[in-house]
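To start, the structure itself, in structure tokens.
Throughout, protein chains are lettered first and strands after them, A, B, ... in sequence-line order, and every chain is numbered starting at 1.
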Amino acid sequence: MKKEVLKGIIVFTIIGFLCSLLLFWVYETTKPQIEYINRGVLL
Amino acid sequence: MKDNFLKGVIKENPIFVLLLGLCPVLAVSTTVENAIVMSLSVLFVLLGSNLMVSLIKNLVPNHIRIPVYILIIATLVTITELVLKAYTPDLYRILGIYIPLIVVNCLVLGRAVGFASKEGVLVSIVDAVGFGLGFMIGIVMLAIFREVLGNNTITIMDNLSKITGYKMVYQLIPNTNIFPVGLLITPAGAFISLGLLSGILKMIQNKRREER
């Protein structure tokens with residue numbers, strides 16, 4: 001039981017980390033375009 | 001393989017037969033353009049989640065299956081949201097809360113839990129494409145019905161014209177006193193239209209079954 005829980009925590013952490021990396025990359029890629037649009041809206 | 005694909009498109013169409021994920025369908029089907037962008041977003045998330053879930057199905061312990069799947073789906077939805085926000089800000093504003101709500105769309109979670117977590121990668125991809133296309137056919141049919149009868153236009157590219165350079169908004173026939181029927185564009189009209197279209201499709205299905 002303890003082993004199963006530990007495995008669950010490890011798998012969830014690894015997948016969460018990979019998902020965050022992917023999201024961070026997309027965020028960094030789209031950031032200039034979003035900032036450009038926001039600046040246009042503010043002006 | 002072919003059966004898996006056709007199941008999602010016709011036999012178990014998520015909108016008209018299974019009645020799954022109706023919240024964005026009813027809210028967003030006011031124009032064809034919104035319907036196309038919404039269905040493409042759902043198709044992307046469905047395809048990505050089915051692919052990832054079928055890849056990691058043997059690694060994930062049974063008791064944390066659903067949190068892991070939601071984590072994957074939420075990541076894909078956030079990617080969709082960021083891309084829409086960056087490249088089509090007007091559509092992002094119009095679709096609003098319905099893009100983040102794809103995370104809890106029962107169609108996406110249902111296919112991940114009910115199919116991709118048990119089957120192989122290729123079959124899961126085919127299933128996702130079938131159900132994604134079925135969703136697209138359903139929402140676009142509803143949008144055409146509502147927009148043509150409720151507004152007398154077909155908007156294929158209006159907000160998207162900033163990217164594509166083409167504006168495609170057509171008026172079909174001249175307006176009269178009784179046409180277009182404005183009710184169909186309202187939320188109540190969405191329920192009425194969905195009911196009518198589901199009924200018509202069911203009638204066609206029953207007739208075909210009787211002929212056989």
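Rounding to the nearest 0.5 Å gives a distance of 6.5 Å between NZ of B:Lys85 and CG of A:Asn38. We find the CD1-CG distance between A:Ile14 and B:Leu59 to be 9.0 Å, quoted to the nearest 0.5 Å. Between the CG atom of B:Leu71 and the OG atom of A:Ser20 there is a distance of 7.5 Å, given to the nearest 0.5 Å.
For the pair B:Leu82 and A:Ile34, the minimum side-chain heavy-atom distance is below 4.5 Å.
Contacts of B:Leu76 with chain A are absent, with no heavy-atom separation under 4.5 Å from either backbone or side chain.
Listed here is the closest heavy atom pair of B:Pro89 and A:Ile37: CG-CD1, 3.7 Å. Here the closest heavy-atom approach between residue B:Ile64 and residue A:Gly8 is recorded as CD1-O, 3.2 Å. Scanning all heavy atoms of the two residues, the minimum distance from B:Pro61 to A:Glu4 falls at CB-OE1, 4.1 Å.
The candidate with the highest count of non-hydrogen atom pairs below 4.5 Å against chain B, out of A:Thr29, A:Val26, A:Leu22, is A:Val26. Per-residue heavy-atom pair counts under 4.5 Å with chain A were compared for B:Thr78, B:Asn62, B:Thr75, and the maximum is reached by B:Thr75.
The number of heavy atoms from other shown groups lying within 6.0 Å of CZ (B:Phe44) is above 12.
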